Structure formats: C-alpha cells, structure tokens
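There's a structure below that I have some questions on.
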Amino acid sequence: MIRKRAHILKYQEVVSSEGHYDEFDNWIPGDSVKRDVELICRADPNSSGRTIPNNQGQDFVYNFSIFLNNIPESLKPGVEIKIFEKGKMKAHGPAIMSWDYQTTKRLWV
C-alpha cells in the first residue's frame, strides 16, 4: 500500500493565557503551557541545493519540502520541527516559510 503522508512532523506549541489585573491593580502575567503537536506529512529532501524566494524576495536554500494536510497557525517561521519516519528522526530544523494555496499546503525547512 502506498501512503500519501508517510512521515510525522512534531513541534512544540506554546499556548499562553492572557494576563490580568488583580484587585490591587497589580499586573498578573498569564501562564504559558507547552504542548506537543503531531501532524502527518510527506517530507521530500532537497538534495540538489535548490532555492526558493521568500516573501521579501530573498532566495534561501532549504533542506526539506514538507507537504501537509493543513498548516496550524502556531506553526510559524522559526519554530523548531522534527520529521520522523517509522519512529526514527529523519530531519530537524527551524521552519523557514509556509505556503498555502487551495489544496496544497507546503512548508520549507
């Protein structure tokens, strides 16, 4: 059987609650909770050193092109991600840029 999404993408999402003022008008910062997120994906390596222009027109070399079913809002540029294949880590690095067009959701690492 051929699997369309044979890899697992993992990253940590930081969920912050809003701060508030107490009865003495002192600022109480909100809590931050880290939670692990797992998404199914397909990760294609960039073995030929291809580049892609970012939104500012600068070219960058990426290591992996990752295809996803959806891109969560918390998966922003700079977030450290890990790619797993059959339980073993295949790659890791910061998310560089995402692209969402109609049914194509793509992330470059």
Side-chain angles (χ1 to χ4, degrees):
M1 178 174 81
I2 297 174
R3 292 186 61 199
K4 183 178 176 184
R5 305 282 192 240
H7 303 104
I8 302 291
L9 180 145
K10 294 182 182 182
Y11 71 98
Q12 281 196 333
E13 175 183 61
V14 178
V15 179
S16 300
S17 62
E18 293 186 20
H20 64 279
Y21 289 99
D22 65 7
E23 65 270 8
F24 303 110
D25 210 24
N26 294 321
W27 177 252
I28 307 296
D31 295 329
S32 293
V33 177
K34 289 185 179 182
R35 131 187 130 129
D36 294 329
V37 178
E38 289 188 15
L39 304 169
I40 59 171
C41 67
R42 184 182 92 225
D44 293 340
N46 179 12
S47 56
S48 62
R50 291 175 290 196
T51 63
I52 187 109
N54 65 9
N55 296 334
Q56 290 78 30
Q58 301 168 328
D59 283 348
F60 62 87
V61 177
Y62 60 93
N63 293 323
F64 279 86
S65 178
I66 301 168
F67 296 87
L68 300 156
N69 292 337
N70 63 1
I71 299 175
E73 287 184 26
S74 61
L75 189 52
K76 297 179 179 172
V79 171
E80 188 72 23
I81 66 164
K82 296 176 183 175
I83 304 294
F84 291 87
E85 182 176 26
K86 297 178 183 174
K88 295 184 180 178
M89 188 166 32
K90 180 176 182 174
H92 65 89
I96 298 172
M97 183 177 79
S98 62
W99 185 63
D100 185 354
Y101 181 73
Q102 294 181 352
T103 60
T104 304
K105 281 45 169 188
R106 198 169 179 182
L107 176 73
W108 288 278
V109 176

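In this chain, numbering begins with 1 at the start of the sequence shown. Note that the coordinates shown come from a computational prediction; the quantities given were computed from them, not determined experimentally.
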Evaluate whether atom NZ of Lys76 has more than 12 neighbouring non-hydrogen atoms of other residues, nucleotides or ligands under 6.0 angstrom away.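 For Lys76, atom NZ is not crowded (no more than 12 foreign heavy atoms under 6.0 Å).
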Following the transitive rule for hydrophobic clusters with a side-chain heavy-atom cut-off under 4.5 Å over Ile, Leu, Val, Met, Phe, Trp and Tyr, establish whether Phe64 and Met97 coincide in one cluster.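 No, no single cluster joins them.
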Between Ile81 and Leu75, is there a side-chain heavy-atom distance shorter than 4.5 Å?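 Yes - at least one pair of side-chain heavy atoms lies under 4.5 Å apart.
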Between Val15 and Val37, is there a shared hydrophobic cluster once you connect ILVMFWY residues whose side-chain heavy atoms come closer than 4.5 Å?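 No, it is not one cluster - the side chains of Val15 and Val37 are not joined through contacts under 4.5 Å.
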Return the set of residues passing ring-ring contact (aromatic ring centres under 6.0 Å, His included) with Tyr21 (not counting sequence neighbours), or none when no residue passes.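 Listed in chain order: Trp27.
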Within the 4.5 Å heavy-atom criterion, are Ile40 and Ile8 side-chain neighbours or not?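 Heavy-atom side-chain distance check passes, below 4.5 Å.
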If every non-hydrogen atom of Asn70 is compared with every non-hydrogen atom of Lys105, which pair is closest and at what distance?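 Minimum heavy-atom separation between Asn70 and Lys105: CA-CG, 3.8 Å.
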Closest heavy-atom pair and its distance - Phe67, Arg5: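 Nearest heavy atoms, Phe67 then Arg5: CB-NH1, 3.7 Å.
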Check whether any side-chain heavy atom of Leu39 lies under 4.5 Å from a side-chain heavy atom of Tyr11, and answer yes or no.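 Yes, close enough: below the 4.5 Å cut-off.
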Shortest non-hydrogen contact between Gly78 and Pro94, atoms and distance: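 So the two residues come closest at O-CB, 4.1 Å.
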Taking the side chain as C-beta and beyond, is there a heavy-atom pair between Ser65 and Arg106 under 4.5 Å?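 The answer is yes, as the side chains (C-beta and beyond) meet within the 4.5 Å cut-off.
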Heavy-atom pair with the smallest gap, counting every atom of Arg42 and His7: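 Result for this residue pair: CA-ND1, 3.6 Å.
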Quick one: are Leu9 and Leu107 in side-chain contact, heavy atoms under 4.5 Å?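 They are in contact (side-chain heavy atoms under 4.5 Å apart), so the answer is yes.
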For Ile71 and Leu68, which heavy atoms make the closest approach, and how far apart are they?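 Minimum heavy-atom contact is CG1-CD1, 3.9 Å.
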Does atom CD (Glu23) have a neighbourhood of more than 12 heavy atoms from anything else shown, all under 6.0 Å?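 Result for CD/Glu23: enclosed.
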Nearest heavy-atom pair of His92 and Lys82: which atoms, and what distance?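 Here His92 and Lys82 meet closest at CB-CG, 3.9 Å.
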Rounded to the nearest 0.5 Å, what separation is found between the CD1 atom of Ile52 and the CH2 atom of Trp108?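 Those atoms lie 4.0 Å apart.
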Decide yes or no for Cys41 and Ile83: does some side-chain heavy atom of the first lie under 4.5 Å from some side-chain heavy atom of the second?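 In contact.
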Kindly indicate, with the supporting measurements, whether the criterion side-chain contact (heavy atoms from CB on, under 4.5 Å) is fulfilled by Asn46 and Asn63. CA-CA 5 Å; Asn46 179 12; Asn63 293 323; 5.8 Å; no
Consider only side-chain heavy atoms of I, L, V, M, F, W and Y, link residues closer than 4.5 Å, and tell whether Phe60 and Val109 are in one cluster.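 Each belongs to a different hydrophobic cluster.
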